[in-house]
There are 2 protein chains.
Amino acid sequence: MDKTTASTRTRSGRKRSYRGVTKKSKSAPNKKERQSTKTRNLILDAAEGLFARHGLYGVTVRDLADSAAVDTALVHYYFGTKTEVFHAVFKRRSGTINEARMQSMSRYEEEAAGDLTVEGAIRAFLEPIFDNDRQNDRGWRNYSALVAMANNSQEWGGEMMSQYFDKVIHRLIDLLRKAIPGANDQDLYWAYQMFSGSLMVIQANTGRIELLSKRKCRSDDVDAFGERLIAYTSAGFKAICEPHESA
Amino acid sequence: MDKTTASTRTRSGRKRSYRGVTKKSKSAPNKKERQSTKTRNLILDAAEGLFARHGLYGVTVRDLADSAAVDTALVHYYFGTKTEVFHAVFKRRSGTINEARMQSMSRYEEEAAGDLTVEGAIRAFLEPIFDNDRQNDRGWRNYSALVAMANNSQEWGGEMMSQYFDKVIHRLIDLLRKAIPGANDQDLYWAYQMFSGSLMVIQANTGRIELLSKRKCRSDDVDAFGERLIAYTSAGFKAICEPHESA
DNA sequence: GTCTATAACTGGATAGAC
DNA sequence: GTCTATCCAGTTATAGAC
């Protein structure tokens, strides 16, 4: 019943080794290395889409292989187990997007020069995400839907999300602490929790809002949700984090 | 690759019939009928917990049977397929909770007598949920975590959530339309979408906020998140739904 | 690096006895 | 209503040829 260990064990119980990105060679990649990277990415692209839609257990190694148009043996050759493909999907993009968000927040902090606002901080945190959304890239869309699904799952919503995202979140909370003098930690953390839920349900792209609004709103309409999310969230943060007047 | 049809088909392709709650007999239930209901509920309780943690595909019929301490054949006897157990889990509680919310909102509308507020409407919508949370009931906790997971999944977040919850949501939006004169539909729907994300991530109970806050906040602390969710959400709604002054 | 073949096993589902 | 036994398709994973 313990899915994690069950799925990372080989049938025989032995540990296997497998091809990563074929060493960190600084020299120009030869033909084989280029092919490796290409195949690896084909698999990751396919996995991103399938896992986002059906979750880890709803996808088989054959599904992955078929969707990537490669042989099942290659999936094992490059990644080992199915669970390792799942983790590799998270790893591939999270570094990039987190770096962009760290930079965006640092840039904002410099520009604001001591005069930080809640809106400004939230905007700096979100802007790199919206940039990606605007590209309308299938891969990015799938990745963010996958993160959204994982976030609300008991299996991955705790430790795994913390592992990948706590650093950027603590950076945001630091900015907000400066923007709202006297804010206390519990209020800040709960407000962030509610904010993250809003962001995630939007990124999940389930088509729900189309149904609820009878097509008046569209899930992937960044121009519609971007400014609204910033305004809604900023008002929420202020409402519960700004110290109330009391003796 | 189409999980839904694949899982609702029998191996042979034939349709089977199976025991529901053994007819809607109005007469007092005899021993067998009581046993039926009991076994059915044992299976549903087990399913609620397992599906919440691992999703439909992460749980096997054998897992369900073992956890409920019944035979696998009984799972099929009562529900047909695994997917039908999944749906039955949703069905069992959604009627009850939705009814409580409809009543709560109607009661509020009467009491407010034309003087509706955003806080009041949000509170009336949420109070029955918080009541359940306060009971600290395992079954309810599992059910709401399951709903939260389904909500952010591409497979069930659209149609299935609409099917079970759109009615109460439209009732809430009607109240809010009255509380905020001049609010337009797009703003209301987007605000609701963000609100639902906040609520769902809390109900998902993933232990995330414990990790993020280094145990300063606790996932299941209704007293901590209840009033904060109401305040945060009300401020958000007002920020984006109240008409802006313009010529 | 890639493909074929296959071992080893899991999982959904049902027939039929009790 | 419940349990035993079983069918067999589908699944992960690997050995070994190319």
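Note that this is a predicted model, so its numbers are computed, not measured. First the proteins, then the strands, lettered A, B, ... as listed; each starts at 1.
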Do B:Gln154 and A:Met149 make a side-chain contact, defined as non-hydrogen atoms from C-beta onward lying under 4.5 Å apart?
no
Using atom NZ of A:Lys31 as one end and atom C1' of C:dT2 as the other, report the distance to the nearest whole Å.
16 Å
Should A:Thr39 be listed as having a side-chain N or O under 4.0 Å from OP1 or OP2 of C:dT2?
yes
Tell me whether the OP1 or OP2 atom of D:dT14 has a side-chain N or O from A:His76 closer than 4.0 Å.
no
What is the distance, rounded to the nearest whole Å, between atom CD1 of B:Ile43 and atom P of D:dC3?
10 Å
Starting at atom CZ of B:Phe79, determine the distance to atom C1' of C:dA13, rounded to an integer number of angstrom.
16 Å
Donor-acceptor pair, side chain of B:Glu48 and main chain of B:Val89, under 3.5 angstrom:
no
Any donor-acceptor pair under 3.5 Å between the side chain of B:Arg62 and the base of C:dG12?
yes
Of the candidate nucleotides D:dT4, D:dT12, C:dA13, which contains the atom at the shortest distance from the side chain of B:Ala73?
D:dT4
Can you measure A:Tyr77 atom OH to D:dT14 atom P for me and round it to whole angstrom units?
14 Å
B:Asp71 side chain, from C-beta outward: closest of C:dT2, D:dT4, C:dT14
D:dT4
Does a salt bridge link A:Arg92 with A:Asp45, judged by any charged N lying under 4.0 Å from a carboxylate O?
yes
Could you tell me whether A:Asp166 and B:Arg208 make a salt bridge, using a distance below 4.0 angstrom between a side-chain N and a carboxylate O?
yes
Rounded to whole Å, how long is the line connecting atom CD of B:Glu33 with atom P of D:dT2?
13 Å
A:Tyr78 OH - D:dA13 P separation (whole Å)
18 Å
Taking atom C1' of D:dA13 as reference, at what distance in whole Å does atom CG of A:Leu74 sit?
13 Å
side-chain N/O B:Lys82 vs C:dG11 OP1/OP2, d < 4.0 Å:
no
Quick note, B:Thr60 side chain, CB onward, closest among C:dT2, C:dG12, D:dT11 is C:dG12
Charged N to carboxylate O below 4.0 Å: is that the case for A:Glu127 and A:Arg134?
yes
Applying a 4.0 Å non-hydrogen cut-off, can you work out what A:Thr72 is touching in the nucleic acid: base, sugar-phosphate, or nothing?
nothing
OH of A:Tyr57 versus P of C:dG12: gap in Å, rounded?
14 Å
